[in-house]
Number of protein chains: 2
Amino acid sequence: METRELRYFVAVAEELHFGRAAQRLGIAQPPLSRAISQLERRLGAALLKRDSRSVTLTEAGAVLLHEGRAALDAVEAAEHRTRRAALAVTGRASVVLATKAGASSELLAKLLHAYATEPGSVDVDVALCGPGEQERLLRTGRADVAILHHPFDDLTGLDTEELLTEGQVAILPAGHPLTTRRSLQLSEVTELPDLPLPRWPGNDGTYPDGPGPEAQSHTQLFQLIALGRTLLVVPDSARSQLNDDLVAVPIVDAPEVTTVIAWPPHSRSRAVADLVRAALRL
Amino acid sequence: METRELRYFVAVAEELHFGRAAQRLGIAQPPLSRAISQLERRLGAALLKRDSRSVTLTEAGAVLLHEGRAALDAVEAAEHRTRRAALAVTGRASVVLATKAGASSELLAKLLHAYATEPGSVDVDVALCGPGEQERLLRTGRADVAILHHPFDDLTGLDTEELLTEGQVAILPAGHPLTTRRSLQLSEVTELPDLPLPRWPGNDGTYPDGPGPEAQSHTQLFQLIALGRTLLVVPDSARSQLNDDLVAVPIVDAPEVTTVIAWPPHSRSRAVADLVRAALRL
DNA sequence: ATGGGCGATACCCTCAAGGTATCGTCGCGC
DNA sequence: GCGCGACGATACCTTGAGGGTATCGCCCAT
């Protein structure tokens, strides 16, 4: 199977529409139709059900969509890592560390400092990512290490070491009635009519429906809380970034959040190993 | 990058010889040379150093060899799993479980029984593998689950659950002086001049050099031990397969062996999940 | 009934991938 | 020191896979 075929199939499987998929791929629709049916013939499996008015995935098609995405990621990763390995020879080596913007900043600062003072350390490029984006960077080889948060991020297929486990707190506007409490239940904050949870853009850039305000950045979000428009449930360490307008109250029954350092399997990079070791020593 | 290019590069990188690689790929040498230099141009990186008498990998080339193998495995896995998903619809579904021939047979029997009695269980095809082979089957999608043994098998990039941790014993011919001992040190058995460790064929089918006898199967191996030609260091549970000719003596300082059940990341198979759950209940 | 949306088919064209012949270079043996 | 042989690169040709345009067939909505 060629990666071109996989890319074609993934495009159709995602769009569920040959015309749009072809447009996205920058080719005409007929060659795309042919490529897909050829792929189906070679695999000996129906991947799509063409229902004259709509296209749907078959069981096998759903499998190929998942596995194919992973395979395309792996190919892309091979390409990126090779390019970066070549760069490292003709000049300064560097590692790319992906981290969620605004999360674990204290831990990150300590890590960077600890690593930088090690002998043989290289430059660390920090990539500040939106939610879920870091995982993608790791899997496609655009990043070498990442700071992830279990159970929010999907760790399957990545090698990880746990760094820190902590509870979660609710971030509330100063003066809100709940700020007088010493602790809260999760159920008390998720369904507050006066403070609906904010909505984040999905991977396609659109917002889910709901009552909460649309958020783009952490600073904007904190401002929205201060204005009494929403609230937030975050790991304990985020307290350090609060100002006087905001109050944190522990939520006793929220799932624990584990901050992990993650890297792609089979990583042969000395720098990645050093970074992980530095992180474990913190 | 197309998988064809990757296959070409991996072939050359493994053979370190354009002619042989071309032969292996079933094409002529000139198009291969061209394909590789084209790949190098597109990546903007030298992958091979052509030293007029020999071909060697550059730093970037070594990275691409590793990552490229993983990517090719992922593509192959996508193909296999799709085919099997299609088969599962048109007839009986099944899972392929890979296990090392002759290892953990008791645990395996219990697992298969426990799973078979579960509601909704499907047929389990057991693939008996040579050393290291199971991992490959998993990564290339020809198997869905595997029983692996840490630290012998490489678990990076696989999801695992631990099933059993045990010490190791030396398997000696009955009557050997060491069989009178209640326990042994690892150093006492690895360098015995009268009982050299056996040699297993590598992935290429050839045997490494050394004094020990060449082994092909476990039964053959046990016979070789009984004949006083070699000895073996294996996990404790292998004792159950011994007959009167053989004696097991614990080795106190051998690394502990953990038997794990492993499956590829992102597995969406119900049967795999059920198998893992059954294994954990043992 | 009919027009429009959508995937499949028919047919053509182009270029990239593969083949053959040959060159350039470098060890090595006589 | 010379020529031979091994090996990768280059030159040039051929073919077919992949892409484009035009059009069909089918179904649903109006």
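Non-hydrogen atoms lying under 4.0 Å from DNA chain D are contributed by B:H17, B:F18, B:G19, all within residues 12-28 of chain B.
Spacing between atom CG of B:L32 and atom P of D:dA9 amounts to 9 Å, rounded to whole angstrom units. Separating the NZ atom of B:K49 from the P atom of D:dG8 is a distance of 16 Å, rounded to the nearest angstrom. Atom CZ of B:R41 is separated from atom P of C:dA16 by 12 Å (rounded to the nearest Å). In this entry the distance linking CZ of B:R50 with P of C:dC26 reads 15 Å, nearest Å. Rounded to whole angstrom, the span from the CZ atom of B:R42 across to the C1' atom of C:dA17 amounts to 12 Å. Note: CG (A:D51) to P (C:dG5) measures 19 Å, nearest angstrom.
The side chain of B:S33 contributes no N or O atom lying less than 4.0 Å from OP1 or OP2 of D:dG8.
Between A:A71 and A:L6 the shortest heavy-atom distance is CB-CD1, 4.0 Å.
In terms of modelled atom types and a separation under 3.5 Å, the side chain of B:T230 and the main chain of B:P213 share no donor-acceptor contact. Although no hydrogens or angles enter the test, the distance criterion places a donor-acceptor pair under 3.5 Å between the side chain of B:S37 and the main chain of B:R34. Between the side chain of A:T82 and the main chain of A:A78, a donor-acceptor pair closer than 3.5 Å is present. A donor-acceptor pair under 3.5 Å is absent between the side-chain atoms of B:T156 and the main chain of A:P265, judged by distance alone.
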Considering only nitrogen or oxygen atoms on both sides, find all protein atoms under 3.5 Å from nucleotides 23-26 of chain D and state each distance.
none

Identify all pairs in which a protein N or O lies below 3.5 Å from an N or O of nucleotides 14-18 of chain D, and state each distance.
{"residue": "D:dG18", "atom": "OP1", "partner": "A:R4", "partner atom": "NH2", "Å": "2.6"}

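Atom CD in A:E5 sits 8.0 Å away from atom CG in A:L43 (nearest 0.5 Å).
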Between B:E67 and A:R268, does a salt bridge (Lys or Arg N to Asp or Glu O under 4.0 Å) hold up when you go through it step by step?
-> CA-CA 10 Å; B:E67 300 282 332; A:R268 309 212 142 268; over 6 Å; no
Are B:E40 and B:R50 close enough, and set up right, to give a salt bridge (Lys or Arg N to Asp or Glu O under 4.0 Å), and what steps lead you there?
-> CA-CA 13 Å; B:E40 287 180 305; B:R50 283 85 151 171; 3.0 Å; yes
Start with the C-alpha gap between B:R139 and B:D154, add the side-chain angles, then the distance that decides, and say whether side-chain contact (heavy atoms from CB on, under 4.5 Å) holds.
-> CA-CA 11 Å; B:R139 294 191 197 281; B:D154 177 19; 4.0 Å; yes
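Cation-pi geometry between B:R4 and B:Y8 is met: under 6.0 angstrom from the ring centre, within 45 degrees of the axis.
Of the candidates A:H80, A:R142, A:R84, A:R84 is the only one forming a side chain to side chain contact (heavy atoms under 4.5 Å, CB included) with A:V96.
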